[in-house]
2 protein chains.
Amino acid sequence: MIKKSIFGGIFLCFLSSVSFAQNNAIIEDFKPSSLNQPGKEYPMVNSQGYARFRIEAPEAKSIKVSLGLGGSGGTVLTQQADSTWMGTTEGPMDEGFHYYNITVDGGKFNDPGALNFYGSTRWESGIEIPAHDEDFYALKDVPHGHVQQILFPSKSTGTSRRAFVYTPPGYGNDVNKSYPVLYLQHGWGEDETAWTNQGRANLIMDNLIAEKNLEPFIIVMTYGMTNEIKFGGLRDFDITPFQTVLVDELIPYIDTNFRTIADQEHRAMAGLSMGGMETKMITMNKPEVFSHYALMSGGVFAPEEVENHSGLKLIFISSGSKENPDRVIQAGKKLQDAGINAVTYVSDKTAHEFLTWRRSLYQLAPLLFQ
Amino acid sequence: MIKKSIFGGIFLCFLSSVSFAQNNAIIEDFKPSSLNQPGKEYPMVNSQGYARFRIEAPEAKSIKVSLGLGGSGGTVLTQQADSTWMGTTEGPMDEGFHYYNITVDGGKFNDPGALNFYGSTRWESGIEIPAHDEDFYALKDVPHGHVQQILFPSKSTGTSRRAFVYTPPGYGNDVNKSYPVLYLQHGWGEDETAWTNQGRANLIMDNLIAEKNLEPFIIVMTYGMTNEIKFGGLRDFDITPFQTVLVDELIPYIDTNFRTIADQEHRAMAGLSMGGMETKMITMNKPEVFSHYALMSGGVFAPEEVENHSGLKLIFISSGSKENPDRVIQAGKKLQDAGINAVTYVSDKTAHEFLTWRRSLYQLAPLLFQ
């Protein structure tokens with residue numbers, strides 16, 4: 001704040017102090033983030049959702065963290081007496097997972113204390129602000145499904161492509177049972193690791209299955225930026241290359257190598273953000289392939305877009321409350337008015353981030369294949 | 001070099017220049033390392049095995065890479081006219097995979113251009129110097145096995161513990177076939193991701209199976225530093241906690257959830273470095289559990305240590321030629337002289353690094369379960 005007069009300056013500082021003391025007093029109960037590298041103390045989070053960072057670079061001139069509410073668009077660290085750099089976010093963060101990076105003397109690096117997650121087309125640092133409802137995605141003492149890394153042949157791209165396949169608990173020993181399949185897509189700049197690493201999709205499923213809230217199904221997650229190797233914008237996005245990989249190459253591989261129920265009725269597609277856009281494009285182009293469609297922070301369907309979709313069982317649309325919830329709810333109503341089985345969900349107090357999508361999957365999963 | 005006299009100085013410099021011009025002229029055919037993050041140009045490697053780095057941090061005072069043969073124990077980068085920092089290793093690197101990190105103004109960070117690999121108890125940058133024999137661990141157009149992430153219950157540690165399980169091609173659809181199992185351990189400071197990420201164990205197996213050089217088997221890889229959460233030294237290493245996890249918890253889980261042949265004859269244990277030490281300790285304590293033992297850069301067996309091991313089928317011992325090959329070869333001879341089926345292997349021109357262990361697995365796999 002630039003003081004324009006002595007009185008104004010004092011007045012503003014006073015207000016600011018009161019506000020700080022009454023509403024924003026930082027409780028000193030910081031603990032290491034649950035996403036830290038083994039044995040690393042920092043970054044830390046406290047019970048209010050503040051994040052605190054500490055970086056060692058004794059000879060650096062400036063260090064800034066890309067996270068927080070500071071006027072500079074992040075949290076500026078200051079050098080301490082022991083030469084380490086420290087700083088705390090100006091306010092509490094939204095609950096859930098956040099990507100971040102640090103700028104050291106003008107260069108972008110990751111926090112050596114934190115695990116990395118692929119987002120923004122790079123491996124970024126990640127931090128977890130404990131959510132009041134974190135139980136549904138917690139690692140618990142329940143039977144756990146497996147997450148299989150597969151390399152499937154893709155003639156259209158001339159490569160072996162990677163996907164991850166969640167198989168529910170018991171898949172390995174009950175060899176007579178077959179399962180429905182959800183194809184689940186990440187967002188722009190992310191990859192096929194996002195839904196398990198950031199999204200905890202496997203733990204959400206394990207917990208739901210342990211509570212017997214749903215019929216177990218397989219989840220398949222692959223890389224959706226097939227034609228975006230240069231990481232350009234979405235304006236000229238062409239769905240054809242990815243659609244070919246998904247529908248003509250991956251689905252047949254899955255149906256051959258896993259015990260699936262290989263028909264439209266038992267096949268769903270969902271995606272977050274860009275993955276929602278892909279879900280809409282592919283289900284519009286190939287309505288005969290999927291029966292359940294889900295868009296998470298990734299657009300909506302109008303009734304006239306799906307009115308001829310034979311075998312359509314469910315449309316699920318969601319977003320964070322800090323995104324465009326009204327658009328989601330209104331789209332849902334229009335679909336329902338047209339006689340389509342549509343469900344909408346708005347994640348409370350979250351934005352375009354992974355807690356929105358963890359919660360969306362938790363809401364979606366019990367509705368699938370019923 | 002400190003010049004002690006004008007003549008001495010000139011003479012030494014002359015020799016050094018000749019040597020450089022004749023043997024070490026750097027060929028400017030640098031290409032991005034195969035382990036770079038998607039779309040990243042640097043780090044680069046050339047056909048001679050030199051590595052070149054470029055880091056953006058315009059306001060930094062000093063940047064050093066932990067890799068290379070420079071007198072400072074690494075490669076010092078210098079700031080260029082465009083403000084980026086660049087440097088090339090003083091000499092060619094050994095072929096294969098290397099961990100590294102960068103020091104920016106006294107702080108240790110990772111190279112934003114490179115993928116990260118868990119080693120030295122942290123996620124480190126990785127670079128790959130193409131090896132003349134890299135074909136055996138290349139990603140090829142052959143049927144690929146799956147790598148499954150499992151979370152198995154561990155009462156002894158009160159946690160769900162993670163392991164990765166390689167299942168060979170065809171495992172998913174030939175549901176009547178059962179397989180032998182190799183338990184394969186990482187080294188100190190690494191974790192259960194090492195053997196697939198750095199070691200390419202799954203690709204080595206896929207390629208061997210495609211060439212029909214071995215009977216397919218399952219590989220199980222889990223975290224072996226059970227009691228080393230503080231990352232202390234190995235001097236006081238107690239094998240009991242990990243032995244309990246492996247033998248009493250993981251093996252029963254694997255035999256329940258995978259189609260294994262669950263007997264000593266069809267169960268092997270191998271490890272690199274500290275994992276070799278663990279393999280020796282556990283096979284000494286539990287000779288009835290495994291029939292094939294392999295130590296890769298991780299100690300040797302004496303005949304009297306295993307003479308009472310009923311059901312022992314094979315001892316495999318290996319190291320890099322830049323480690324202690326004579327000790328390995330002599331130990332093998334003593335075992336053979338005692339009538340034990342021992343095989344030794346020395347990896348040419350490699351040290352205590354992953355190319356030694358990739359090659360060791362490639363040599364070991366066809367010998368198992370024959």
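Reckoned from all heavy atoms, side chains included, excluding hydrogens, waters and symmetry mates. All chains are named by letter (A, B, ...) in the order of the sequence lines, taking the proteins before the strands, and each is independently numbered beginning at 1.
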- line: Checked B:G145, B:G170, B:G106, B:G172 vs chain A; the most non-hydrogen pairs under 4.5 Å come from B:G106
statement: Most contact-rich option vs chain A, by heavy-atom pairs under 4.5 angstrom, among B:N101, B:T84, B:N257, is B:N257
- prompt: Would you say the side chain of B:Q149 lies within less than 4.5 Å of the side chain of A:T196, judging by non-hydrogen atoms?
  reply: no
message: Could you check whether any side-chain heavy atom of A:F109 comes within less than 4.5 Å of a side-chain heavy atom of B:I102, counting everything from C-beta outward?
response: yes
Proximal component of [X], with respect to chain B [non-hydrogen, under 4.5 Å]:
{"X": "A:S62", "result": "side chain"}
{"X": "A:I63", "result": "neither"}
{"X": "A:Q37", "result": "side chain"}
{"X": "A:L151", "result": "both"}

field: Spacing of B:T167 atom OG1 and A:I150 atom CD1 [to the nearest 0.5 Å]
entry: 11.0 Å
task: Supply the atom-to-atom distance B:K155 NZ to A:D141 CG, rounded to the nearest 0.5 angstrom.
output: 9.0 Å
task: Quick one: which of A:V147, A:N173, A:N116 has the most heavy-atom pairs under 4.5 Å with chain B, could you say?
output: A:V147
Greatest number of heavy atom pairs closer than 4.5 Å to chain B - which of A:Y166, A:Y171, A:F258: A:F258
Could you pull out the closest heavy-atom pair between [X] and [Y], with the gap in Å?
{"X": "A:P112", "Y": "B:R122", "answer": "CB-NH2, 4.3 Å"}
{"X": "A:K61", "Y": "B:E59", "answer": "NZ-O, 2.8 Å"}
{"X": "B:S160", "Y": "A:H144", "answer": "OG-NE2, 3.2 Å"}
{"X": "A:P58", "Y": "B:G107", "answer": "CD-N, 4.2 Å"}

message: Parallel, tilted or perpendicular, judged at 30° and 60°: which one describes the rings of A:Y253 and B:H146?
response: tilted
message: Does any backbone or side-chain atom of B:L203 lie under 4.5 Å from a heavy atom of chain A? Answer side chain, backbone, both or neither.
response: side chain
